[in-house]
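Take a look at the structure below.
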Amino acid sequence: MKTNGRHFFNMPLALRSYRRSHPLVLVNGLAEQAESWFANRHSWSRHFDVKVPELLVYAGDDLHRHIDAGGEVTINYLTDRLARYLDEFVQKPPYHLVGSSLGGQILLTYAARHPEKVAKLVLICPSGLHGEENLPVMDGVRRSDYDSLVRSVFFKTQFAGDELVEAIEQKFQDRRWKKGVLRTLRGTVGHSVGNLLGEVPHPTLFIWGQDDRIIADIPGSVRAADRMAQARQIVIPRCGHAPQIERAGLVNKLVVRFLKGRLGSIPPTLSAKRALKKARGVATH
């Protein structure tokens, strides 16, 4: 039908042809904010309905109300926030979940608590699986050494330019922001999710940076992740604690293929077994 020379919008046809993409939820780590997914969101949005809940807004009113009321910022607290966000604002399980560093601990905890609401997991350099971790955030705060803090995250120095260092330094000048960081550190440092690995049945892709300086024992973490029923693991050479930034193109492709069930055999250069063999060779010298 035409009116004034223009077609009416065919609502019934549009509703029949519209197909909402599968939800893909991104959870960042301790030293990151939601902006850390800048190299991934556009690519993944072509395939999924991407959501980025702001679970850790260090200067945010909600976090500081919790702190001022005597609450601790723990993995359980952050997992509860994620659960509430998904239940109230997404409401379309099962979800694909992608988390980096501390975000990996939150997602493993959520998946163990709510297995029916999870489809697949992608964990990028997840902390808390095995052994101790180096915490340059804590040292950076104590010594105001923001340059070392930022550079410890990356293998390639070009990703830790002066602008990023200055931006982090400015953040720490905000006393409210700094308080949020320190209370989060206090509540999450040393937390382990190793005991949950055998309880999470979902297909899970682990992506590690072979030269990660935050996670002290990558081989130990790889062996721990093998306890999961459906784990696949990739170790990227010459890459630090943020593969989603340093090797964004590769990570974007791997994540899409895995979530769509199209990730075939893993190339030898990315094989976790190869990385473990290399680590053993280094240890014997």
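For this chain, numbers begin at 1 and follow the sequence in order. All values below were derived from every heavy atom in this structure, side-chain atoms included, with hydrogens, water molecules and symmetry-related copies excluded. Computed from a predicted model, the values in this text were never measured in an experiment.
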Inset, instruction - Report yes or no: is the cationic atom of Lys120 (NZ for Lys, CZ for Arg) under 6.0 Å from the centre of the six-membered ring of Phe258, at an angle within 45° of the ring normal? - result: yes

Inset, instruction - Could you check whether the rings of His96 and Phe48 sit parallel, tilted or perpendicular, using 30° and 60° as the cut-offs? - result: perpendicular

Inset, instruction - Would you indicate whether Arg257, at its atom CZ, is surrounded by more than 12 heavy atoms from other residues, nucleotides or ligands within a distance under 6.0 Å? - result: no

Legend entry - Heavy-atom side-chain proximity of Asp62 to Val57 below 4.5 angstrom: no

Legend entry - Donor-acceptor contact present, side-chain His64 to main-chain Tyr58, <3.5 Å: yes

Legend entry - Under 3.5 Å side-chain donor-acceptor pair for Arg227 and Asn195: no

Legend entry - Lys179/Asp68 salt bridge by N-O under 4.0 Å criterion: yes

Legend entry - Criterion side-chain contact (heavy atoms from CB on, under 4.5 Å) on Leu123 and Leu108, from CA distance to verdict: CA-CA 9 Å; Leu123 305 179; Leu108 281 169; 3.8 Å; yes

Legend entry - Residue pairs passing the side-chain hydrogen bond (donor to acceptor under 3.5 Å, both in side chains) test where at least one lies in residues 201-211, sequence neighbours excluded: Trp208-Gln233

Inset, instruction - Give the cluster check for Phe155 versus Val153: same hydrophobic cluster or not, with ILVMFWY residues linked at side-chain heavy-atom distances below 4.5 Å. - result: no

Inset, instruction - Determine the minimum heavy-atom distance between Ile67 and Gly180, stating which atoms define it. - result: CD1-CA, 4.4 Å

Inset, instruction - Verify side chain to side chain donor-acceptor pair (under 3.5 Å) between Gln244 and Ser36, making sure each step is shown before the conclusion. - result: CA-CA 8 Å; Gln244 74 274 24; Ser36 63; 4.7 Å; no

Inset, instruction - Kindly assign one of parallel, tilted or perpendicular to the pair Tyr95 and Tyr110, based on the angle between their ring planes and the thresholds 30° and 60°. - result: tilted

Inset, instruction - Compare every heavy atom of Leu129 with every heavy atom of Ala224, then report the nearest pair and how far apart it is. - result: CB-O, 3.9 Å

Inset, instruction - Go through the side-chain N and O atoms of Thr74 and His191 and say whether any donor and acceptor fall under 3.5 Å apart. - result: no

Legend entry - Note: Lys117-Asp87 ion pair, threshold 4.0 Å (strictly below): yes

Legend entry - Under 3.5 Å side-chain donor-acceptor pair for Asp217 and His130: yes

Legend entry - Expected output: side-chain Gln91 to main-chain Glu88 donor-acceptor under 3.5 Å: yes

Legend entry - Co-membership, hydrophobic cluster, residues Phe38 and Val25, 4.5 Å side-chain: yes

Inset, instruction - Begin with the C-alpha distance, continue with both residues' side-chain angles, and end with the deciding distance and a verdict on side chain to side chain donor-acceptor pair (under 3.5 Å) for Asn252 and Arg247. - result: CA-CA 9 Å; Asn252 289 346; Arg247 297 297 305 276; over 6 Å; no

